[in-house]
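In this chain, numbering begins with 1 at the start of the sequence shown. Quick note: numbers below take in every heavy atom, side chains included, and nothing from hydrogens, waters or symmetry partners.
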Amino acid sequence: MLRNVAAIAQRMEAIRANHAQLYRTGAHIVCSSDAGIAPLKPHDVLPHGIIDFLPVLGMTSAEAITNVTAFAADVCGITPEALRQRLHR
């Protein structure tokens with residue numbers, strides 16, 4: 001497991017640059033998480049992606065919050081109407 005972490009860490013700069021290029025050219029990127037898969041990835045890591053990763057891509061704070069809320073819901077096919085109905089149960 002630690003060997004995989006080291007390999008990912010070595011590639012992280014290139015990974016971030018690649019994602020930034022994709023975002024700048026119009027690719028739809030949704031921030032998600034593999035939280036909880038191992039002790040090194042506890043269940044509460046998604047906020048770190050919003051704070052640490054999305055700005056590297058060139059997203060503003062508002063774009064980052066929209067990315068993990070409204071945009072993520074849209075990509076999953078969850079309509080604003082469905083969300084309203086769920087909230088009013």
Answer yes if L22 and V75 sit in the same cluster of Ile, Leu, Val, Met, Phe, Trp and Tyr residues linked by side chain heavy atoms under 4.5 Å apart, and no otherwise. no

Single-linkage hydrophobic cluster I51~V30, side-chain heavy atoms < 4.5 angstrom: no

For [X], look at atom [atom1] and say whether over 12 heavy atoms of other residues, nucleotides or ligands are found less than 6.0 Å away.
X	atom1	answer
E81	CD	yes
R11	CZ	no
R86	CZ	no

Could you tell me whether the side chain of E63 and the main chain of T60 form a donor-acceptor pair under 3.5 Å? yes

Would you check if the side chain of N67 reaches a backbone N or O of C31 as a donor-acceptor pair within less than 3.5 Å? yes

Would you check, one step at a time, whether the test side chain to side chain contact (heavy atoms under 4.5 Å, CB included) holds for L54 with V68? CA-CA 10 Å; L54 293 179; V68 297; 4.3 Å; yes

Only one of R16, H19, M12, E13 clears side-chain contact (heavy atoms from CB on, under 4.5 Å) with V56; which? R16

Within the 6.0 Å centroid threshold, strictly below: H28 and F71: yes

Looking only at heavy atoms, the pair that brings P55 and I50 closest together is CD-O, 3.2 Å

